[in-house]
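Below: the structure, in structure tokens.
Because the structure is a prediction, the values reported are computed rather than measured. What you see below is based on every heavy atom in this structure, not just the backbone, and it leaves out hydrogens, waters and symmetry mates.
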Amino acid sequence: MNVSSVHAMGFTHLKAIATSANIAAYAASKGAMLALTRALAIELAPDHIRVNAVLPGAVDTPMLHSGLSRGHLQGDNMVDLVQQLGSKHVIGRVGQPQEIAEAIYFMADHSRSSFTTGQALVVDGGATCRLSTE
């Protein structure tokens with residue numbers, strides 16, 4: 001099981017997915033993780049080993065707080081900044097670490113996802129399903 005990021009996605013079927021400024025190395029490494037996931041899924045399938053990735057979006061963690069400190073949202077209060085970012089998501093909030101852990105557990109559990117390999121499960125509160133022009 002690999003953990004990548006929505007920043008790894010270049011496009012979906014309908015639109016381009018944007019990343020953020022000043023994180024080129026991060027986005028590139030997460031994109032490489034997706035390529036590695038697909039390649040390992042092919043190479044390890046004969047040994048009955050599944051390889052998948054979970055791609056979290058914004059999750060309320062110290063890493064998110066550090067990113068919000070870069071100043072692309074207005075305000076100084078971290079709680080307000082997290083809420084502002086959450087309001088941009090379809091479900092109206094950022095994720096919690098436990099929600100990402102549950103997705104990882106699902107993908108890693110052979111009894112629940114045995115026919116899934118080489119895939120990327122996006123767990124982002126709907127952030128990547130809305131058109132960027134809305």
Side-chain angles (χ1 to χ4, degrees):
M1 176 58 54
N2 294 317
V3 178
S4 184
S5 169
V6 293
H7 289 276
M9 297 174 60
F11 62 90
T12 66
H13 300 300
L14 300 175
K15 68 171 187 164
I17 303 297
T19 188
S20 300
N22 302 315
I23 64 165
Y26 176 81
S29 69
K30 295 303 184 174
M33 179 81 63
L34 292 185
L36 179 65
T37 298
R38 290 187 304 271
L40 286 176
I42 294 166
E43 292 177 18
L44 298 175
D47 296 321
H48 307 288
I49 298 172
R50 298 177 310 111
V51 183
N52 293 294
V54 169
L55 284 64
V59 179
D60 196 359
T61 63
M63 182 177 161
L64 178 70
H65 294 192
S66 176
L68 290 174
S69 297
R70 292 194 317 252
H72 64 282
L73 294 175
Q74 300 299 316
D76 295 323
N77 180 315
M78 189 55 63
V79 172
D80 291 342
L81 292 173
V82 170
Q83 287 177 343
Q84 278 184 62
L85 180 60
S87 71
K88 297 174 183 286
H89 290 68
V90 172
I91 64 171
R93 63 178 178 83
V94 300
Q96 294 299 311
Q98 181 64 28
E99 293 171 305
I100 305 307
E102 291 292 336
I104 292 168
Y105 179 73
F106 168 76
M107 292 297 275
D109 184 350
H110 183 77
S111 68
R112 295 176 181 214
S113 60
S114 63
F115 197 56
T116 306
T117 194
Q119 300 304 305
L121 176 61
V122 176
V123 185
D124 71 350
T128 57
C129 71
R130 179 179 288 158
L131 288 173
S132 62
T133 55
E134 288 187 22

**Prompt:** Is Gln83 close to Asp80 at the side-chain level, that is, under 4.5 Å between some pair of heavy atoms?
**Reply:** yes
**Request:** Indicate yes or no: at least one non-hydrogen side-chain atom of His65 is less than 4.5 angstrom from one of Asp60.
**Result:** yes
**Request:** Could you walk me through whether Val123 and Leu121 pass the side-chain contact (heavy atoms from CB on, under 4.5 Å) test, one step at a time?
**Result:** CA-CA 6 Å; Val123 185; Leu121 176 61; 4.0 Å; yes
**Item:** Arg50 and Ser113: side chain donor to acceptor below 3.5 Å
**Value:** yes
**Fill in**
Sorted by chain and residue number, the salt bridge (charged side-chain N to carboxylate O under 4.0 Å, His left out) partners of Asp47 (sequence neighbours excluded) come out as none
**Asked** Are a donor atom and an acceptor atom from the side chains of Thr37 and Asn2 found within less than 3.5 Å of each other?
**Response** yes
**Minimum heavy-atom distance Asn52-Gly118, with the two atoms named** = OD1-N, 3.2 Å
**Side-chain (Glu99) to main-chain (Gln96) donor-acceptor, under 3.5 angstrom** = yes
**Asked** Distance from Met107 atom CE to Arg112 atom CZ, nearest 0.5 Å?
**Response** 13.0 Å
**Asked** How about Pro56 and Val6: do any of their side-chain heavy atoms sit closer than 4.5 Å?
**Response** no
**Prompt:** Within the side chain of Ser4, is there an N or O that forms a donor-acceptor pair under 3.5 Å with the backbone of Lys30?
**Reply:** yes
**Request:** Could you tell me which non-hydrogen atom of Val51 sits nearest to which non-hydrogen atom of Thr117, and how far apart they are?
**Result:** N-OG1, 3.0 Å
**Item:** Common cluster, Met1/Ile49, ILVMFWY with side-chain heavy-atom separation under 4.5 Å
**Value:** no
**Message:** Looking at every non-hydrogen atom in both residues, tell me the closest pair between Val94 and Ala58 and how far apart they are.
**Reply:** CB-O, 3.6 Å
**Message:** Let me check something: do Ile100 and Met63 share a hydrophobic cluster, defined by ILVMFWY side-chain heavy atoms less than 4.5 Å apart, either directly or through other members?
**Reply:** no
**Message:** Check Arg38 with Glu43, please: is the shortest side-chain N to carboxylate O separation under 4.0 Å?
**Reply:** no
**Message:** Donor-acceptor pair, distance only, cut-off 3.5 Å: does the side chain of Ser87 make one with the backbone of Gln84?
**Reply:** yes
**Request:** Give me the one residue out of Leu55, Val90, Val122 that meets side-chain contact (heavy atoms from CB on, under 4.5 Å) with Thr128.
**Result:** Val122
**Request:** I would like to know whether Leu64 and Val59 meet side-chain contact (heavy atoms from CB on, under 4.5 Å); could you show each step before the answer?
**Result:** CA-CA 7 Å; Leu64 178 70; Val59 179; 6.0 Å; no
**Message:** How long is the straight-line distance from CG of Asp124 back to OG of Ser5, given to the nearest 0.5 Å?
**Reply:** 9.5 Å
